[in-house]
*Asks:* 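Below is one structure. I have some questions about it.
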Amino acid sequence: MAKLSRAEVEKLSRNERIEMELKLAAEHGMFPKNRMLLDKGSSAQMSSQVLISADSVLIPTHEEIRMNDLDYRMAVRDSNPVPDALKPLLHRESPKTLRDSIRRNLDSLNTANRELMMTKILGQMRDLQIQSDADQSNEDLQRIIARAVFGTGEFKDIEGEPGGAFQNKK
Amino acid sequence: MAVYAEFFKHANFSGYSESFTLGNGSRYWWIKFGSKLRNEITSMRANAYSGFDGNVYGFTGNDFLGDYASLNMSEGWTCWWSNVGSKLNDDIESALLINRNKSEFAVELKDQIAGVFKSKLDEKLAGTQAHRRGEPRVFSLFWPSFDPTKKLVRIEQDLRVELDWWPDYDATIRYDIYLYLSSDGKVKGYVKWAHTWVEGGIFSGDILDELHPKVVAGAADLNSELQNKLSLFSSFTFRSLYLLPGPQPPMPPPSSDFGRIGNAKDNSTLVLVF
């Protein structure tokens with residue numbers, strides 16, 4: 001029997017397909033040693049860590065691994081919230097106190113202290129987001145912070161693009 | 001603090017939003033959005049400051065893969081997508097914020113790796129039932145579940161496995177390369193993982209059993225080629241090494257290069273900091 005095309009095989013039901021493939025393989029003297037009755041769309045896969053001799057110069061030391069790999073922070077929203085029990089240890093200030101403190105710090109922003117204060121204010125905002133669920137007051141405050149810290153500019157899209165850039169004006 | 005990014009539910013920075021601040025003590029901040037913004041984002045904007053340039057990427061995959069919208073910020077600049085467009089709208093699931101140093105050397109790895117990989121693989125496959133299908137893809141893989149602290153460079157190649165009596169089986173082979181800086185600032189690397197995938201069918205297991213050991217053995221050849229390539233950097237000393245998704249973004253960007261829409265599998269960019 002001639003080799004079937006993929007289109008012809010696609011028309012067969014799962015059982016017909018298995019039966020036909022086995023039959024045609026047998027006609028060619030082939031029998032699967034590791035027979036897998038896989039559904040359409042499924043697959044077989046295998047992953048292996050490539051073995052390298054422990055004394056190879058390619059293997060990084062623990063210190064090199066630490067230096068190269070520990071360069072990130074992460075946020076997995078919903079699936080990994082900060083447990084309530086940890087919140088007082090992470091941040092001792094209540095959301096209200098934080099909001100009041102952020103507003104005071106925003107009022108005190110000037111050219112001389114901007115670099116220092118922006119670091120503090122953005123850190124406080126991050127703490128506030130961890131402390132309390134996002135709500136309208138946080139969202140409003142975040143907008144005020146963005147304007148105060150980065151200055152204002154006109155979000156005017158580049159012609160033909162739904163986006164753009166401006167240099168911050170302080 | 002060096003990169004501040006905001007992601008919004010609606011166009012023109014409106015609706016529910018979440019913001020993230022990447023300090024200057026870390027290279028990356030990675031985000032997997034939760035129920036409030038996952039597959040809901042339409043606009044995004046970001047700033048870079050405090051001595052750093054920066055990039056921000058929003059990906060359609062939850063594993064920093066898929067299509068992306070990126071922003072390229074010089075220090076002191078704000079960049080934005082007021083609307084990420086129909087391809088990405090309500091489809092972004094993960095994001096990366098990345099601090100960029102001022103003195104860096106960046107190299108796109110596809111140009112460096114794909115050609116050599118392809119010719120070596122064709123040599124190996126000559127006279128077998130397996131053939132290369134299309135071109136190899138070279139891309140950055142960030143903190144995969146099977147090696148969750150690593151950033152890897154993946155080489156992925158589709159194959160066609162011919163049988164005399166049945167339509168060809170599709171297969172894919174993948175190598176994951178770990179690049180790192182040694183304690184004396186030299187670039188080093190090796191093939192850390194080998195993967196084989198075969199489409200479903202009666203002979204999937206047989207093909208996998210036949211193919212996978214050859215893929216694993218092929219890592220040694222790839223390692224040799226890799227060491228040749230890395231030797232080009234041997235006379236240089238670097239302070240830091242990291243990866244970017246896709247091709248090299250123009251840094252510092254002119255304002256017309258505020259960002260791009262791309263796919264994470266388009267390329268992998270290795271960045272070395274002097």
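Chain letters run A, B, ... following the sequence lines, proteins first and then strands; every chain starts at 1.
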*Asks:* Relative to chain B, which of A/E8, A/R6, A/E21 shows the most heavy atom pairs under 4.5 Å?
*Replies:*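 It is A/E21.
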*Asks:* Pick from A/E63, A/M67, A/E64, A/M46: which one has the most heavy-atom pairs with chain B under 4.5 Å?
*Replies:*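 Option with the top pair count is A/M46.
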*Asks:* Work out which heavy atom in A/P32 is nearest to a heavy atom in B/D206; give both atom names and the distance.
*Replies:*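 A/P32 and B/D206 have their closest heavy atoms at CA-OD2, 3.4 Å.
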*Asks:* Under a 4.5 Å cut-off applied to non-hydrogen side-chain atoms, are B/K188 and A/P60 in contact?
*Replies:*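 Contact flag for B/K188/A/P60 side chains = no.
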*Asks:* So, taking the atom named CG in B/D147 and the one named CG in A/D69, what distance separates them when rounded to the nearest 0.5 Å?
*Replies:*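 Reported value, rounded in 0.5 Å steps: 8.0 Å.
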*Asks:* Side-chain contact, heavy-atom cut-off 4.5 Å: B/Y190 with A/S56?
*Replies:*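 They are not in side-chain contact.
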*Asks:* Quick one: of B/N12, B/D168, B/L71, who has the most non-hydrogen atom pairs under 4.5 Å with chain A?
*Replies:*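 Top count of heavy-atom pairs under 4.5 Å with chain A: B/D168.
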*Asks:* Could you check if a side-chain atom of B/F258 sits within less than 4.5 angstrom of a side-chain atom of A/D157, using non-hydrogen atoms only?
*Replies:*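 With C-beta onward as the side chain, the pair stays apart.
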*Asks:* B/Y178 versus A/N68: any side-chain heavy-atom pair under 4.5 Å?
*Replies:*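 Yes, their side chains come closer than 4.5 Å.
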*Asks:* Just how far is it from atom CH2 of B/W193 to atom CD of A/Q49, taken to the nearest 0.5 Å?
*Replies:*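 If we round to the nearest 0.5 Å, B/W193:CH2 and A/Q49:CD are 4.5 Å apart.
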*Asks:* With respect to chain A, which residue among B/H195, B/H212, B/R27 yields the maximal number of heavy-atom pairs within a distance under 4.5 Å?
*Replies:*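 Sorted descending by pairs with chain A, the first entry is B/H212.
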*Asks:* Tell me, side chain or backbone of B/E6 under 4.5 Å from chain A's heavy atoms, or both, or neither?
*Replies:*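 Just its side chain gets close to chain A.
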*Asks:* Taking only residues two or more places apart in sequence, or in another chain, which ones meet A/D100 in a salt bridge (Lys or Arg N to Asp or Glu O under 4.0 Å)?
*Replies:*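 Here the qualifying residues are A/K96.
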*Asks:* Is a donor on one side and an acceptor on the other found under 3.5 Å between the side chain of B/S82 and the backbone of A/P162?
*Replies:*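 Pair found, side chain donor or acceptor close to backbone of A/P162.
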*Asks:* Could you check whether the rings of B/W80 and A/F155 sit parallel, tilted or perpendicular, using 30° and 60° as the cut-offs?
*Replies:*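 Perpendicular.
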*Asks:* Does B/K151 pair with A/D71 as a salt bridge, N-O distance under 4.0 Å?
*Replies:*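 A salt bridge links B/K151 with A/D71.
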*Asks:* B/W166 and side chain to side chain contact (heavy atoms under 4.5 Å, CB included): which partner among A/H28, A/R17, A/M30?
*Replies:*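 The option that passes is A/R17.
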*Asks:* Measure the CD-CD distance between B/E199 and A/Q45 for me, rounded to the nearest 0.5 Å.
*Replies:*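 Between atom CD of B/E199 and atom CD of A/Q45 there are 13.0 Å.
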*Asks:* Could you give the distance from CD (A/E159) to OG (B/S256), rounded to the nearest 0.5 Å?
*Replies:*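 Between atom CD of A/E159 and atom OG of B/S256 there are 13.0 Å.
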*Asks:* Less than 4.5 Å to any heavy atom of chain A: does that hold for the side chain of B/P148, its backbone, both, or neither?
*Replies:*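 Just the backbone, heavy atoms under 4.5 Å.
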*Asks:* Between A/I158 and chain B, with a heavy-atom cut-off of 4.5 Å, which part of the residue counts as in contact: side chain, backbone, both or neither?
*Replies:*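 For A/I158, the side chain is the part near chain B, not the backbone.
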*Asks:* Name the region of A/I65, side chain, backbone, both or neither, that has any atom closer than 4.5 Å to a heavy atom of chain B.
*Replies:*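 For A/I65, heavy atoms of backbone and side chain both lie under 4.5 Å from chain B.
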*Asks:* Please examine the side chains of A/F166 and B/S255, heavy atoms only from C-beta on, and report whether any two atoms are closer than 4.5 Å.
*Replies:*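 With C-beta onward as the side chain, the pair stays apart.
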*Asks:* Only one of B/W143, B/W29, B/Y28 passes ring pair (Phe, Tyr, Trp, His ring centres under 6.0 Å) with A/Y72; say which it is.
*Replies:*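 Exactly one pass, corresponding to B/W143.
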*Asks:* Within the 4.5 Å heavy-atom criterion, are A/I52 and B/N223 side-chain neighbours or not?
*Replies:*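 Counting from C-beta outward, A/I52 and B/N223 do come under 4.5 Å.
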*Asks:* Checking heavy atoms, do the side chain of A/S5, its backbone, both or neither come under 4.5 Å from chain B?
*Replies:*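 Answer is backbone: N, CA, C or O of A/S5 sit under 4.5 Å from chain B.
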